[in-house]
Q: 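One structure, pasted below without further comment.
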Amino acid sequence: MRGHPGRGEAGREVSELPLKGLPSKGLPSERGAEVGRRIGVGLMYGLWKPRVLGAWKVPVTGPVIFAVNHSHNIDGPMVMGVAPRPTHFLIKKEAFVGPLDPFLTAIGQVKVDRTGTDRGAITRAVDVLAAGGALGIFPEGTRGEGDFAALRAGLAYFAVRGNAPIVPVAVLGSSDRPGRLIKGLPPLRSRVDVVFGDPFEAGDGSGRRTRKALDEATERIQKQLTAHLENARRLTGR
């Protein structure tokens, strides 16, 4: 999604922007996300050797956002498989092709059109948080260096609007080198580190949801995520 998930006047409360009545496919399935988590457990631990640090820091209940760095296609499935809670990821619509479309929908993932402001996806993501679920986001918007260098404003919007703490997640080792059998994947049985950080609030405590407040929240988020990534690299030696 480009820019803020609700374009309005600079001082207008983002929460006032119309979201009701938008087309929606309903609340993404929590049971489906749990099925997806179990599938992920089998695949990730079967194909690679995940080392998970800090999972105990994830809030047991209530809304939460996993902010994940993104340098490889397996980063999302890896987090789905090792996270202590079923996760609904915002996933680009291009991934929903052929049999993957009904499968990803069935396991509670949220299709998003990144070419504009996908208000249907925004509604479903907000609904996940309102229901006390876990939302997974790649705040950089697309796969890249995985260093949180360029954040989109969507993460701040969901955190403030959903009153949800952010848990930074660093996935390290997924893009170190290609596998011999399948070049597009990490080497089979190689170690991939997943480090969960301390949850933090994106807002400043004032409750403001203006454009300026979201810009400030995005700056705070980037500092927190960058610090977590540096700490994760020290912990894992990556």
Side-chain angles (χ1 to χ4, degrees), residues 1 5 33 37 40 44 50-91 109-110 112 125 128-129 132-176 191-205 213-238:
M1 289 176 290
R37 189 183 74 84
M44 296 303 109
R51 180 173 64 169
V52 183
L53 304 175
W56 58 271
K57 298 178 180 180
V58 176
V60 177
T61 60
V64 66
I65 296 174
F66 294 132
V68 186
N69 68 322
H70 194 23
S71 60
H72 197 282
N73 286 331
I74 73 160
D75 295 339
M78 182 64 69
V79 173
M80 285 179 61
V82 304
R85 295 177 57 176
T87 308
H88 307 270
F89 264 96
L90 283 174
I91 301 176
Q109 306 311 295
V110 181
V112 59
V128 165
L129 296 174
L135 185 67
I137 296 179
F138 299 115
E140 295 161 291
T142 186
R143 182 160 51 93
E145 295 299 321
D147 57 2
F148 295 122
L151 263 62
R152 302 291 184 93
L155 176 54
Y157 173 83
F158 289 124
V160 174
R161 176 68 188 270
N163 194 29
I166 296 173
V167 171
V169 185
V171 181
L172 303 172
S174 61
S175 60
D176 286 353
R191 195 187 81 201
V192 178
D193 293 320
V194 183
V195 185
F196 292 87
D198 293 313
F200 66 91
E201 300 293 335
D204 59 4
L214 291 186
D215 288 341
E216 293 171 352
T218 298
E219 292 182 10
R220 284 192 292 273
I221 290 170
Q222 186 163 33
K223 290 179 181 179
Q224 292 274 8
L225 298 187
T226 300
H228 171 67
L229 184 59
E230 292 174 354
N231 184 55
R233 286 173 172 160
R234 285 194 296 269
L235 285 173
T236 61
R238 294 280 189 177

Q: With a 4.5 Å heavy-atom cut-off, do Leu172 and Leu229 have their side chains touching?
A: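 Sidechains of Leu229 and Leu172: in contact.
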Q: Please report the closest heavy-atom contact between Val128 and His88, naming both atoms and the distance.
A: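 So the minimum-distance heavy-atom pair works out to CG1-CD2, 3.6 Å.
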Q: For His72, is there any backbone N or O sitting under 3.5 Å from a side-chain donor or acceptor partner on His70?
A: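 Yes, His70 side chain to His72 backbone: donor-acceptor pair under 3.5 Å.
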Q: With the side chain counted from C-beta on, respond yes when Pro199 and Val64 share a heavy-atom pair under 4.5 Å apart, and no when they do not.
A: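 Sidechains of Val64 and Pro199: no contact.
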Q: Name all pairs fulfilling the salt bridge (charged side-chain N to carboxylate O under 4.0 Å, His left out) condition that reach into residues 220-229, sequence neighbours left out, sorted by first residue then second.
A: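 Found none.
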Q: Would you indicate whether the side-chain heavy atoms of Val194 and Val169 approach each other to under 4.5 Å?
A: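 Side-chain contact under 4.5 Å: yes.
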Q: Under the salt bridge (charged side-chain N to carboxylate O under 4.0 Å, His left out) test against Asp193, which residue among Arg233, Arg238, Arg234 passes?
A: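 For Asp193, the salt bridge (charged side-chain N to carboxylate O under 4.0 Å, His left out) test succeeds with only one of Arg233, Arg238, Arg234, which is Arg238.
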Q: For a quick test of reading the model, state the closest non-hydrogen atom pair linking Pro59 to Val167 and the distance between them.
A: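 Closest pair (atom of Pro59, atom of Val167, distance): CD-CG2, 3.9 Å.
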Q: Given side chains that start at C-beta, do those of Val68 and Val171 come closer than 4.5 Å, heavy atoms only?
A: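 They are in contact (side-chain heavy atoms under 4.5 Å apart), so the answer is yes.
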Q: Over all heavy atoms of both residues, which pair between Ala202 and Ala217 is shortest? Give the atoms and the distance, please.
A: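 It is O-CB, 3.5 Å.
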Q: Is there side-chain contact between Ile166 and Gln224, with at least one heavy-atom pair below 4.5 Å?
A: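 No. Closest side-chain heavy atoms not under 4.5 Å.
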Q: Work out which heavy atom in Glu201 is nearest to a heavy atom in Pro165; give both atom names and the distance.
A: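 Looking at all heavy atoms of both residues, the shortest contact is OE2-CB, 3.8 Å.
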Q: Working to the nearest 0.5 angstrom, can you tell me the gap between Leu214 CG and Arg161 CZ?
A: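 It comes to 11.0 Å.
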Q: Output the distance between atom OH (Tyr157) and atom CD1 (Ile137), rounded to the nearest 0.5 Å.
A: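 Those atoms lie 11.5 Å apart.
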Q: Test ring-ring contact (aromatic ring centres under 6.0 Å, His included) on Phe66 and Phe196 and set out the steps.
A: CA-CA 9 Å; Phe66 294 132; Phe196 292 87; 5.8 Å; yes
Q: Taking all non-hydrogen atoms of both residues, which atom of Arg191 and which atom of Thr236 are closest, and how far apart?
A: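 Where Arg191 meets Thr236 most closely, the heavy atoms are NH2-O, 3.6 Å.
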Q: Show the nearest heavy-atom pair for residues Phe158 and Leu129, with the distance to one decimal.
A: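 It is O-CD1, 3.5 Å.
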Q: So, His228 side chain and Val195 main chain: donor-acceptor pair closer than 3.5 Å or not?
A: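 Yes; at least one donor-acceptor contact below 3.5 Å.
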Q: Between Gln109 and Thr87, is there a donor-acceptor pair closer than 3.5 Å when you use the side chain of the first and the backbone of the second?
A: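 Confirmed, Gln109 side chain pairs with Thr87 backbone.
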Q: Report the distance from atom CD of Glu219 to atom CD of Gln222, rounding to the nearest 0.5 Å.
A: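 Separation between the atoms: 8.5 Å.
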Q: Restricting to pairs with a member in residues 54-64, which pass salt bridge (charged side-chain N to carboxylate O under 4.0 Å, His left out), not counting sequence neighbours?
A: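 Counting only pairs at least two positions apart or across chains, the salt bridge (charged side-chain N to carboxylate O under 4.0 Å, His left out) contacts touching residues 54-64 are Lys57-Asp198.
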Q: When rounded to the nearest 0.5 angstrom, what distance separates CG in Leu135 from CG in Leu90?
A: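 Taking CG in Leu135 and CG in Leu90, the distance rounds to 5.0 Å.
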